[in-house]
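Excluded from the calculations below are hydrogen atoms, water molecules and symmetry mates; all remaining heavy atoms, backbone and side chain alike, are included. Predicted model only: the values in this text are computed from it and were never measured. Every chain is numbered from 1, with letters handed out A, B, ... down the list of sequences.
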Amino acid sequence: MIAATAYHIFIKEFVSEFRTRYALNALLMFVVTTLSIILFSIGQESPSPDVLSGTLWIVIFFSAMSGLSRTFVAEEERGTSLTLRLLAHSSSVYIGKLIYNFILILVLSFIIAAAYLLFINEFSVKTYEIFWLTILLGSAGLASASTILAAIIAKANTKGTLFPVLAFPVLLPLLLTCINATKLATEGAFLTEALKEFQILLSFTIVMITTSMLVFDFVWKD
Amino acid sequence: MKTWLKIAVSVWLTGIIIAGIAFPMVKSPTTWYEFPFIPGLEEKARNIIFHVPISWSTVVAFIMSTIYGILYLKKKDIDYDLRSVSSASLGLLLCVLATVTGAIWAKFNWGSFWNWDPRQTSIFILLLIYGAYFVLRSAVEEEERRATLSSVYSIIAGVTVPFFIFVMPRIMSGLHPGSLGDEQGKGPVLEFKMATNMLMVFFGALIGFTVLYFWMYSLKVRQMRVERQLQQITDTQ
Amino acid sequence: MKKLTFKSENITKLYNRRKIIENVTFSLSEGVSFAITGKNGSGKSTLIKVLCGVLSPTKGSLELKVDGTLIPYPDYYPHIGLVSPYLNMYEEFTAEENLSFMARVRNLGPDAGERGEMLLKEFGIFEHRKKEVRFYSSGMKQRLKYCAALLHQPALLVLDEPSSNLDQYGIEAVRKFMVLQKQHGTLIFATNDRDDLQYADTVYSIENGKN
């Protein structure tokens, strides 16, 4: 029952985003703008793959900061938070929005990663399995932390700037691990060499989701 | 806190600090008040008396703040939230001091103030967490909601702590010499390179600073309780 | 009709140390209509939120039993239909979509479609059902809120300012369902309108948060 409700909530988020499209457009423009800035600042230089791995995740991080809080903040702003509160079990709400956030950041990071591969010559990935697995697990981790933090800031006053402030210290270990794994991918390491990184990413996601489910009620129910 | 304890810790810490700074460091100590040289550190080792206890205290403060937050969520007694904030305020102050003393030591030992050494980065992240905690609190007007949200945030931030303790050495070992690849080993404390008298001064500092922290914490909690009671009185008028 | 008992004991809610409502105590059962009155700012809306399980009281307790089963606080939502200025519909969806989303999420079964249609007709917005809610007037939005609140046939219908934003026809429809609700369950409403109060069995007046 909870799973089915979560699914319906996820679909609602999805269709809602499609209908309004303001946020989606803004997000895509944000990605395009940031990528352009990176490309312009590289110019004729040849930055090392290490530096490029770092900037890749900076762009992904800031895209997450722009896009992942909307799901809770919009409900509060439009007065539908109470509606949802009286409609569904809190766990369904959390899971539905978590899945939505995960799909959203997965698509965004895929676009950003593809852009890096296509437009930046110096960014050459040798072990594709590591690269894409990092994108997948990194997105899962980003979504898992961002969803509970979005729920928190939605109940506060200055929502926009508050989100990155709260998220950065929490996400830093995740980002550093993703950067490390991406570097390994550009160096041509074997899949098994990145095993530690994947373990960290996976356990981060699991710990975040478990903790979030334990505390979500305190945030969602006033 | 009992008066005798306050006097005792004041005298104790003063003594420790004097010992830490004034005791001369000689190659082969002959008297009880002379410290031996530690190769590689020499005079800079004096920082240990300040930096390590302060770093230790800021971590204790964070743990206490999180525990009081959890207690608030369970019992809904606002006093727990007051204790949580008091702990966190002191923790923030101590964290700033820890970062600064650490940076000073880094400058003298490694040449620059900031090096992305794992321990240095970890204390900086803790500083960011404290900062975020207070920014969150300032963004929530209502007392009960503020307490709930900040308690939840300390829990979320708290569970990431094991990750950055574990992740940092993996990431940083490749970046900077002196952490995993340091021939000196894990540092003077764990390797017991300190002579007995220096060790005693160090542990004395550890105990002294911890007691000092609890003293300051009890003052801060009392201050917050009184402030809240004052506000209650002015509210009903 | 579902058997229902709803007891409130010494409910107090503080906002920044200020008492918004204090020591609210009452006891209801099925078939009863309970009105809360008071000036603006007396704490009516806050009390409504607490009773629905949306806002947790600082002190005091609530006990809701439906058909003898104790419903755990604060998960009253399956048994509550709330109409309130603080509860809005999804404006990017049509009326039909809003109602079908709610039916799916509440797992209401196949009759929900018919019931939804019936409600839309009763409240006079059936012709607009395929229009997105952002194009509705405030009166139409209010009517849709009623359809949403009544869709799952709640044992407890809670109305905050029942007649607001409504014209005479809307008010008639509301009054009809207020009477129906008394036959099927319990009705709680907060109002200052004298005409509304006629539909109440018990009136609880609040001033500065106290009875």
* Check whether more than 12 heavy atoms from other residues, nucleotides or ligands sit under 6.0 Å from atom CZ of Phe124(B), and answer yes or no. => no
* To do: Flag yes if more than 12 heavy atoms outside Tyr86(C) fall under 6.0 Å of its OH atom; otherwise flag no.
  => no
* Asked: Would you say Arg146(B) and Asn16(C) make side-chain contact, with heavy atoms under 4.5 Å?
  -> yes
* Short N-O contact, Glu142(B) and Arg18(C), less than 4.0 angstrom -> no
* **Those residues of residues 68-97 of chain B, ordered by number, that approach chain C below 4.5 Å (heavy atom to heavy atom)** => none
* Structure fact -> OG1 of Thr234(B) to CZ of Arg17(C), rounded to nearest 0.5 Å, is 7.5 Å
* **Neighbour count >12 (heavy atoms, 6.0 Å) for atom NZ, Lys176(C)** => no
* For Glu141(B), does the CD atom sit with more than 12 other heavy atoms under 6.0 Å from it, leaving out its own atoms? -> no
* To do: Using non-hydrogen atoms and a 4.5 Å limit, figure out which bit of Lys59(C) sits close to chain B: side chain, backbone, both or neither.
  => neither
* To do: Evaluate whether atom CE of Met216(B) has more than 12 neighbouring non-hydrogen atoms of other residues, nucleotides or ligands under 6.0 angstrom away.
  => no
* Side-chain heavy-atom pair Arg145(B), Tyr15(C) within 4.5 angstrom cut-off -> no
* Counting only heavy atoms not in Glu91(C), do more than 12 fall under 6.0 Å of its CD? -> yes
